[in-house]
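The block underneath contains the structure these notes are about, expressed in C-alpha cells.
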Amino acid sequence: MEARLNLFASPVAARFGKHVVAAGKILAESALPASTQELVKLRASQINGCGFCTDMHTKDAAHAGETATRLNLVAAWREATVFTDAERAALELTEQGTRIADAAGGVTDEAWANAAKHFDEEQLAALVCVISLINAFNRGNVMVQQPAGDYQPGQFA
C-alpha cells in the first residue's frame, strides 16, 4: 500500500508532527505507567482501524517487555484475565473516549469513577491526553493510509 500523502515530506505536517511528538514525550515522562500507555495506544488504534499505529504500538510494547499473551488479548480485554484492574479501567476509558460518536452520552460517570479509583489526578490527566493524542494520530494515518508493517522500535525517538 502506498500512502496518499507523504506526511514526512510535507513542511506543514512536519512542523505539526514535531509538536504532537513533543506532546507524546511529555506523556511518556508522566506518572502514568508506560505499559498502561502502550495498552491504551494499542486499543485505540485497533478500534480506529489504524494498521500503522497498531503495528507501531505492538512493537514498542513488545520491545519494552510486554508479553505476547497480553498484546494478543488487548482486543478481548474484558474476557482476558491478564490485565490488572487499573489497566482494565484505562482500557474502558479508552474505548469510551475513542467511540464518542457511538455513545450518545460520551464517557460514562461509571467509567470515569472506576478510572479515578486507580489513578490519581495527574495520572488521569495523562490518561485523557494519551487517549486524545493517539486518536489524533490514528485519524491522520487512516486518512492518508500510512502503510503498516515497516515500523521499527525507536524509529521516531
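Hydrogens, waters and symmetry mates play no part in the numbers below; they use all other heavy atoms, side chains included.
Atom NE2 in H63 sits 14.0 Å away from atom OG1 in T58 (nearest 0.5 Å). Once rounded to the nearest 0.5 Å, the distance linking NE2 of H118 with CG of D85 reads 5.0 Å. Expressed to the nearest 0.5 Å, how far CG of L42 lies from NZ of K59 amounts to 13.0 Å. Rounding to the nearest 0.5 angstrom, the gap separating the CG atom in L39 from the CZ atom in R70 is 5.5 Å. For the atom pair CG (L93) and CG (L124), the distance works out to 7.5 Å, reported to the nearest 0.5 Å.
Q37 and L27 make their closest contact through NE2-O, 2.9 Å (heavy atoms, listed as atom of the first residue, atom of the second, distance). Taking every heavy atom of both residues into account, I134 and H57 meet most closely at CD1-NE2, 3.5 Å. Nearest heavy atom pair, residue P33 against residue Q123, reads CD-NE2, 4.2 Å. Annotation for A89 and A115: closest pair CB-CA, 3.9 Å, computed over non-hydrogen atoms.
Scored by the side chain to side chain donor-acceptor pair (under 3.5 Å) test, T98 finds N135 as partners (sequence neighbours excluded). With sequence neighbours left out, Q46 forms a side chain to side chain donor-acceptor pair (under 3.5 Å) with R43. Shown here are the side chain to side chain donor-acceptor pair (under 3.5 Å) partners of S45, two or more places apart in sequence or in another chain: N138. Partners of T84 by side chain to side chain contact (heavy atoms under 4.5 Å, CB included), not counting sequence neighbours, listed by chain and number: A86, E87. Contacts of T108 classified as side chain to side chain donor-acceptor pair (under 3.5 Å), with partners at least two apart in sequence or in another chain: Q96. For V20, the side chain to side chain contact (heavy atoms under 4.5 Å, CB included) partners two or more places apart in sequence, or in a different chain, are F16, L133, F137.
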* Before giving the answer on salt bridge (charged side-chain N to carboxylate O under 4.0 Å, His left out), spell out for R78 and E95 the whole-Å C-alpha distance, their side-chain angles and the decisive distance to 0.1 Å. => CA-CA 11 Å; R78 281 182 178 80; E95 287 193 1; 2.8 Å; yes

* To do: Could you walk me through whether I131 and L127 pass side-chain contact (heavy atoms from CB on, under 4.5 Å), step by step?
  => CA-CA 6 Å; I131 295 166; L127 183 57; 4.0 Å; yes

* Asked: Given W77 and V82, is the side-chain contact (heavy atoms from CB on, under 4.5 Å) satisfied, shown in steps?
  -> CA-CA 8 Å; W77 66 267; V82 296; over 6 Å; no

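Here the side chains of V144 and F52 are not in contact, with every heavy-atom distance at 4.5 Å or above. Between E92 and N114, the closest side-chain pair of non-hydrogen atoms is not below 4.5 Å. Looking at heavy atoms from C-beta onward, T36 lies in side-chain contact with F119 at the 4.5 angstrom threshold. With a 4.5 Å cut-off on side-chain heavy atoms, V74 and F83 count as touching. Looking at V21 and K18, their side chains never come closer than 4.5 Å, going by heavy atoms from C-beta outward. Counting heavy atoms from C-beta outward, S35 and E66 have side chains that approach closer than 4.5 Å.
A donor-acceptor pair under 3.5 Å is absent between the side-chain atoms of N48 and the main chain of C50, judged by distance alone.
Linking Ile, Leu, Val, Met, Phe, Trp and Tyr whenever their side-chain heavy atoms come within less than 4.5 Å leaves I47 and L91 in two separate clusters.
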